[in-house]
Amino acid sequence: MLGIRELKHRYKLLRAEDRALSLADLGLPLPLSCGSPLIDSMLNERIAATPGMNEEEHLMRSWQLITSASERELDIVFKLLDGCLNDHKLLFAVYLFGRGDEKYRLLLERLPMKWRLLFPTAVIKPAAAFFTGWRRDIRFRLVDNVDFAGLKRGYHETLAKISDEQIMKYRDILREALALLHWKADGERELAIHDWCFGGGRMNGAIPLLSNYLRVRGLVAAGNRAGLAKELGGHEHRIPLTSFMGLLSNMGLHLSVDGNEAFRDYAVATATPIEAMLRLHEWGGWLDVHHIKEIALKATDPKGLQIPFHKVATAYISAPASLKPQLFDQIYVPVMKRFSSQMAEFIPKGTQMVLLQPNSFVNIMSLLFLATISYERSTRILLAGEDVKEHDDRTILGYDKLRDVLFMSRSGAEGFLLNEFGGHALRRSWRFDERVVASAFDRIDGDDLLILDLPFVFSTRILERLLHMKRVLNLANNFGSPSEVSLSVKYIPRISIRSNDMAYFGYSRFSEPAVSSLAGFIERLEWFDRAGGVIAC
């Protein structure tokens with residue numbers, strides 16, 4: 001394990017040589033590098049507009065890095081494919097195809113079907129695959145001499161593996177790719193796909209789902225609600241959620257209206273794991289126990305567990321409060337368990353987590369954040385007060401205590417905080433004394449994972465104490481320690497009073513982004529650490 005200190009050191013070296021992007025132009029603003037600009041790019045540079053670069057510049061930079069890479073670097077990329085971003089895997093496949101390397105097929109197999117269907121477009125008309133808006137029509141190619149025969153052979157193989165649901169969902173992508181290939185269908189199913197993309201879809205007897213969709217669309221056009229409910233319930237091939245919601249909208253039906261229970265059941269059944277999670281806020285008003293159980297099964301099966309944890313955290317936080325007790329045990333905890341195992345690879349066994357924050361900042365979101373990072377792991381909380389005697393050192397033993405407080409009313413939560421942390425936790429103000437806070441580091445070991453939450457504070461005393469720490473995640477301003485990475489927490493100003501002798505600030509705090517930021521950070525850090533280890537070998 002290289003650790004944060006070494007990964008930051010490598011980033012600074014590349015940045016000094018102008019071979020690394022600024023934080024604003026990275027997918028996640030993390031000052032980390034494994035030592036190779038190519039692998040850094042594939043792990044954390046999206047082909048999308050950023051404050052300092054547009055889509056074309058990101059694409060050209062990534063393409064230049066790929067085409068100038070050594071064979072050793074390309075071999076390392078293959079070892080890290082699961083951590084590479086999908087747009088870069090697609091771009092890498094285009095490069096290998098252009099030089100006649102059959103390994104491009106291995107890359108395509110590691111991509112979701114949507115990106116595999118985009119492959120001919122990326123080879124023939126890259127702008128349409130990687131750009132958005134008017135830039136999609138820019139004419140250029142990354143591969144000069146396209147092997148159309150080989151491209152068509154590969155696409156025949158891809159179409160043989162595509163499911164009925166994917167044919168429906170990715171119709172526009174299919175249409176563009178088939179048009180660019182001047183496609184000649186081979187077999188009844190490919191004829192049906194071609195007719196679905198360019199005709200009226202009347203030849204789709206070979207694709208039962210499309211036949212079902214056309215019948216349902218006819219019922220919607222006729223306004224036959226009873227027939228629609230019967231047709232949906234009697235067919236095993238379910239229409240993808242986005243198409244189904246479009247049909248309901250065309251008919252003026254809303255899932256939130258009583259009487260549409262059959263349509264609610266269908267929506268939950270046809271949603272993919274990620275679709276179900278992202279719609280928890282929208283559907284929260286009508287989801288019942290059976291729906292929650294079905295969504296939980298989707299989210300915790302092997303496919304569902306591949307959802308990035310920061311998306312699960314965001315979905316949970318935005319869900320209605322009445323649903324959270326059910327979601328917590330059935331969905332959030334199992335996914336958190338997987339995240340905790342990822343954390344274990346980054347944090348050596350036996351390493352303790354320490355959260356250092358002012359005593360006035362302990363709130364429900366602090367506990368949710370703490371619960372997220374400390375599943376089945378001992379965690380200490382150091383509450384910084386006005387003098388050294390007010391350092392309150394506690395150990396959180398896990399969910400037996402934390403899970404209940406997350407669903408309490410405000411008064412119940414305050415009672416819990418009062419019992420656990422005493423009167424310090426219920427204060428509404430904090431007077432900063434850098435000597436007092438610096439003295440808290442006497443209780444922290446250099447091998448601990450320190451989570452620092454000291455908003456609007458900078459102190460050379462604290463920086464001096466941070467220098468010996470190996471792992472520091474800062475939820476506020478960056479002190480500048482070599483082993484420190486900053487994550488975001490939002491503070492909204494409410495009042496500000498200044499004079500020559502004093503300053504008074506009032507802020508509201510929103511900790512939710514910190515949960516998802518931490519999750520995204522850990523997932524990226526894991527891959528940077530792996531890449532750095534491979535490069536060092």
Side-chain angles (χ1 to χ4, degrees), residues 1-46 50 52 61-62 65 69-70 72-73 75-85 88 308-310 339-349 351 353-354 373 445-452 463 466-488 514 516-537:
M1 301 292 290
L2 294 178
I4 294 174
R5 186 184 296 261
E6 177 61 25
L7 293 173
K8 283 185 67 176
H9 177 66
R10 295 185 182 192
Y11 173 79
K12 289 177 181 178
L13 290 178
L14 290 181
R15 189 80 181 111
E17 298 172 358
D18 201 25
R19 298 170 63 203
L21 294 178
S22 68
L23 296 183
D25 293 322
L26 295 174
L28 282 174
L30 301 174
L32 307 176
S33 172
C34 64
S36 164
L38 166 66
I39 298 172
D40 290 346
S41 173
M42 299 198 74
L43 292 177
N44 197 26
E45 179 188 359
R46 302 187 187 281
T50 57
R61 179 181 185 274
S62 298
L65 288 172
S70 66
R72 182 172 182 271
E73 281 186 302
D75 289 340
I76 291 173
V77 169
F78 271 100
K79 297 177 182 178
L80 303 167
L81 280 182
D82 289 339
C84 295
L85 302 176
H88 279 71
F309 181 72
H310 67 275
F339 176 61
S340 180
S341 66
Q342 287 181 303
M343 290 275 290
E345 296 185 28
F346 159 57
I347 306 168
K349 189 174 181 180
T351 300
M353 296 189 192
V354 181
I373 62 172
D445 189 88
D447 289 327
D448 291 340
L449 170 62
L450 175 63
I451 300 157
L452 200 60
L463 173 58
L466 287 175
L467 293 177
H468 77 286
M469 301 294 299
K470 294 182 180 179
R471 307 168 188 87
V472 181
L473 306 183
N474 196 334
L475 302 186
N477 52 288
N478 198 326
F479 283 92
S481 169
S483 56
E484 174 188 8
V485 172
S486 291
L487 304 175
S488 62
S516 55
S517 295
L518 176 73
F521 162 72
I522 293 297
E523 288 169 345
R524 288 298 91 195
L525 177 64
E526 178 187 355
W527 288 107
F528 273 109
D529 233 331
R530 287 189 191 181
V534 173
I535 291 172
C537 294

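Below, each value reflects all heavy atoms present in this structure, side chains not excepted, and no hydrogens, waters or symmetry copies. Quick caveat: nothing in here was measured; it's all calculated off a predicted structure.
More than 12 non-hydrogen atoms from other residues, nucleotides or ligands lie less than 6.0 angstrom from CG of Asp82.
Going from atom CG of Leu81 over to atom CD1 of Ile76 covers 12.5 Å, rounded to the nearest 0.5 Å. With values rounded to the nearest 0.5 angstrom, Met469 atom CE is found 8.0 Å from Asp447 atom CG. Here Leu80 contributes atom CG and Arg530 contributes atom CZ; the two are 8.0 Å apart, rounded to the nearest 0.5 Å.
Minimum heavy-atom separation, His88 to Ser62: NE2-OG, 2.9 Å. Of all non-hydrogen atoms in Gly480 and Leu463, the two that sit nearest each other are C-CD1, 3.9 Å. Taking all atoms of both residues into account, the shortest heavy-atom contact from Arg10 to Cys34 is NH1-O, 2.6 Å. For the residue pair Leu43 and Ala531, the shortest heavy atom distance occurs at CD1-CB, 4.2 Å. Considering all non-hydrogen atoms of both residues, Leu85 and Arg524 come closest at CD2-NH1, 4.3 Å. Summarising the geometry of Ser33 relative to Leu14, their closest heavy-atom pair is OG-CD1, 3.1 Å, with the distance given to 0.1 Å.
Proximity of a side-chain donor or acceptor of Arg471 to a complementary backbone N or O of Ile451 within less than 3.5 Å is not detected. Within the 3.5 Å criterion, the main-chain N or O of Leu38 finds no donor-acceptor partner in the side chain of Glu73. Judged by distance alone, the side chain of Arg15 and the main-chain N or O of Ala20 form a donor-acceptor pair under 3.5 Å. Between the side chain of Lys8 and the main chain of Ser481, a donor-acceptor pair closer than 3.5 Å is present. One N or O on the side chain of Asp25 and one on the backbone of Gly52 form a donor-acceptor pair closer than 3.5 Å. Looking at Lys470, its side chain never comes within 3.5 Å of a backbone N or O of Ser483 through a donor-acceptor pair.
For residues 28-46, every residue pair satisfying the salt bridge (charged side-chain N to carboxylate O under 4.0 Å, His left out) rule, not counting sequence neighbours, is listed here: Glu45-Arg61.
Put simply, the side chain of Leu450 reaches to within 4.5 Å of the side chain of Leu452, judged on heavy atoms. Side-chain contact between Leu7 and Leu30 is absent, with no heavy-atom pair separated by less than 4.5 Å. Put simply, the side chain of Glu6 reaches to within 4.5 Å of the side chain of His9, judged on heavy atoms. Side-chain contact between Leu32 and Trp527 is absent, with no heavy atoms from C-beta onward closer than 4.5 Å. Counting only heavy atoms from C-beta outward, the side chains of Val472 and Ile4 never approach each other to under 4.5 Å.
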